[in-house]
Each structure stands twice: as C-alpha cells, then as structure tokens.
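A short worksheet on the structure shown next.
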Protein chains: 2
Amino acid sequence: MHCNKVSRILPGMKPTPDPQGSLATRLQAAVQGRGQRWTEQRQLIADVLAASDGHATGAELVERVRAADPSATPSTVYRTLDLLEELGFASHHHGVDGRETYHLEEVLAHGHLHCQGCGAEVELDAAAAKPILAAIERVTGYAADLDHLSLQGRCPSCRAAAAR
Amino acid sequence: MHCNKVSRILPGMKPTPDPQGSLATRLQAAVQGRGQRWTEQRQLIADVLAASDGHATGAELVERVRAADPSATPSTVYRTLDLLEELGFASHHHGVDGRETYHLEEVLAHGHLHCQGCGAEVELDAAAAKPILAAIERVTGYAADLDHLSLQGRCPSCRAAAAR
DNA sequence: AACCTTATTGCAATGCATTGCGATAGACTA
DNA sequence: TAGTCTATCGCAATGCATTGCAATAAGGTT
Ligand SMILES: [Mn+2]
Ligand SMILES: [Mn+2]
Ligand SMILES: [Zn+2]
Ligand SMILES: [Zn+2]
C-alpha cells in the first residue's frame, strides 16, 4: 500500500506544515537513505508526535496513535520512537518518574528542572543552560546533552521555607 | 514476632557494622518516631541494601531480598525503599534506562555522568560537582540534588572521534 | 499474658516497556 | 504489472513497578 504522500490529519490536530521539505518528506528520505522503509505506521507516528507539540510520554503517544489506528501496537510505536531518535528527528528526557518523554527536534533544545518540594517545573532554554553545560565541560570534559538534561532539586521558595 | 535485635546476615554479605548506633537501630528509631512500625521485612530490606554497597536497582534488591526470604514481595520492597528515602536513609538516581537505582546515604553523595557514545560511566563526587551545582544555582536559584544528578553526553574521546 | 488498634504485608490486577518470532508488506527488479 | 527479498509489523510472552484490598502482626494497653 502506498503511503508516501498521505498526510494523515488527526482529529483536533494541526496539519503538518510544509515549508519546503515537510517533516514527513525529510524523514522518509533519512529512513530510506539507510536502506530502511517508509511505512504507514511510521508516517502516522511521526504525525502524532508532531501534533503533540511540547512533550509526550511513550504511553501517551501509543494512546494517540491507537486512537487513529487501533491496529497499531505499542511495540511499533516504541521502536519507531527509537528510530526517530537515531535519525536525530526526536529526543527524549526522563520525567520525574524516570519515564521517557519525547519531543521532536524541531522544538528548541531545552533542559528540565523539577522541584522536589513543590513539584514546580522549569524549562531551561539553551541560553540559560549555557553556563551549566560550560561548568560540566570544564569539570569533566563531557559535552552534556541539553535535551536529555533533567535536574531535580529545591526551588528558591522551597529552600527559603526549609531554612525556617 | 520480635525482630528488633535480629541481625540478618545474608550469604556472601558482610555483617552490618555497629559503630555506636547501627543503621538498623537508627532506622528503627526513625520509623517508630513517626508512629510507624519496625518489621522483619524492613530489617531485611535495609540489610540487603546495606550489603549492596554501591548501586542497586529495585529489581536487583527484590531479587536479593527474595533470595533471603522467598515470601517477601516486590510491593513491600518498593514501598520500603520509598520509606527509606523519605527518612533520608537512602536515595536514588536514574540509570541510563531511567530506572531508579538506590544507595544508602552512608555512601558519599555523588552524581553520575554517562557517555552516549561509548557508554562510559563517571561518578562525580561532591568536590567535582561543586562548580556544576553552583552554576545551576546561579542560573536558576535551585539547589540541585547531587545524589539524583544523572547527566548524559559525550565523553572527550567520543567528542574527538566525532570531530573527524 | 491476653487484647486492641491500625500500620503493614502479600496478593492479584493493572499499566508501562521490551523482545523473539512468524506473517505482512515496502521497495526494488525484470 | 508481477515477482523477489527482507525490513517491519502485530502478537504474545516477559519483566519491571504500582496500587487497592483483605489478612496479618507490630506495639502499646489492660
Ligand atoms: Mn527520581
Ligand atoms: Mn535517556
Ligand atoms: Zn519548590
Ligand atoms: Zn564516550
């Protein structure tokens, strides 16, 4: 079955924009460039992830994919997410519970910061993270992956509260 | 059944040392101080964790606990690990796969650094981490939890390899 | 030592994620 | 268009982790 030009629009989802090379087109090229195949399922999963702007866990993506195609299975979704990461089209970080949370690389790279006291969540954009990554590099020589960065600690107000 | 003074020694494990307040004794006091109860299972789980110097995942601890007491169940082990953390006697970080990895607070606080290229693992002791935590605090105001810190990135040699 | 209160346990059901395997179907060839 | 090769899929089994619930037992009281 052909699926190359299928632009699957899910209920309540925005159509994938097509600047001069849509995500699907670039993905198809990258996948086939490795001797792999472009399938309906991969198309759908990429569309769902694109429509989930922001973050989405594997389970959430499975649910949304299955809403559009009930015959799709978790294994296919997770394997496709791994593929998208390998190809550099997606990345993940680990939420508070350690579960992987995905987003497309089109989203600006950013890290996460979670307060263990009040649960506050902060996103660290590249500019904010720069000094942190620089410190890591200075101390260890490692180039830390900002998209994967997920810090836990105490926010200023929880610190103040703790200090009596 | 009494278990207060039971010092359960597992095959191949070192007896819990008893400086002037053994771990078990301090734990029992902390638990009972909250109106909770000191049980055989908690004793055993604490002993197993103490004997697992270094890191151990939940599943590993479950396995070791069940080796000593086959009637123990995963739910009890995980609930006890949560309790030990609440009481400040243990902490966890997330391994590469996001799974929680536990250690007793007696182990010196340290963070983790993992190379996504070659899989190298580095431990960051408090001194090494200091500038990193300082940068996080400067930028965000957060006091990051060193024990929970788990960074991913590229080690120097993988970076060099990537740069042609 | 027998008795109470209720925190804790084991169990069973549930959910998330991964893997091996046989069936299906991309994508290339003729 | 029909045919071939094999990457990918769905399935089913497995493992890790969490939760509600009824039975058990910790630990204080009489
Ligand atoms: Mn955590
Ligand atoms: Mn990860
Ligand atoms: Zn806070
Ligand atoms: Zn490396």
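All values derive from a computational prediction rather than experimental measurement. The sequence lines fix the lettering, A, B, ..., with proteins before strands; numbering per chain opens at 1.
Spacing between atom OH of A:Y78 and atom P of D:dA12 amounts to 19 Å, rounded to whole angstrom units. The interatomic distance linking B:R66 (CZ) with D:dG15 (P) rounds to 13 Å, in whole Å. Taking atom CG on B:L44 and atom P on C:dT9, their separation rounds to 11 Å, with Å as the unit. Separating the CD atom of A:Q43 from the P atom of D:dA7 is a distance of 22 Å, rounded to the nearest angstrom. Counting to the nearest Å, the P atom of C:dT8 and the CG atom of B:L87 are 10 Å from each other. Between A:R42 atom CZ and C:dA25 atom P the separation is 15 Å, expressed in whole Å. What separates CD of B:E100 from C1' of D:dT18 is a distance of 11 Å, to the nearest Å. Taking atom CD of residue B:E86 and atom C1' of nucleotide C:dT8, one finds them 14 Å apart after rounding to whole Å.
Residues A:H92 and A:H55 place their aromatic rings such that the two centres sit no closer than 6.0 Å. Ring-centre distance between B:H94 and A:H94: not below the 6.0 Å cut-off.
For the OP1/OP2 pair of D:dT8 and a distance below 4.0 Å, the side-chain nitrogens and oxygens of A:Q41 include no atom meeting the criterion. For C:dT9, one of the phosphate oxygens OP1 or OP2 lies less than 4.0 angstrom from a side-chain nitrogen or oxygen of B:T39.
Each of B:E60 and A:T73 lies near DNA chain D, and the nucleotide nearest A:T73 is the one positioned closer to the 5' end. Both A:R99 and B:Q36 sit near DNA chain D, but only A:R99 has its closest nucleotide nearer the 5' end.
Residue-to-nucleotide contacts include a donor-acceptor pair under 3.5 Å from the side chain of B:R79 to the base of C:dG10. Remark: the B:R37 side chain and the C:dT6 base include a donor-acceptor N/O pair separated by less than 3.5 Å. Taking only distance into account, the side chain of B:S75 meets the base of C:dC11 through a donor-acceptor pair shorter than 3.5 Å.
Side-chain contact between B:Q41 and B:V65 is absent, with no heavy-atom pair separated by less than 4.5 Å. Using a 4.5 Å heavy-atom cutoff, the side chains of A:L124 and A:L149 are in contact.
Distance from the side chain of A:T80 is smallest to D:dC9 among D:dC9, C:dC16, D:dC16.
Taking the six-membered ring where the residue is Trp, B:H110 and B:H103 present parallel rings, their angle staying beneath 30° rather than reaching 60°.
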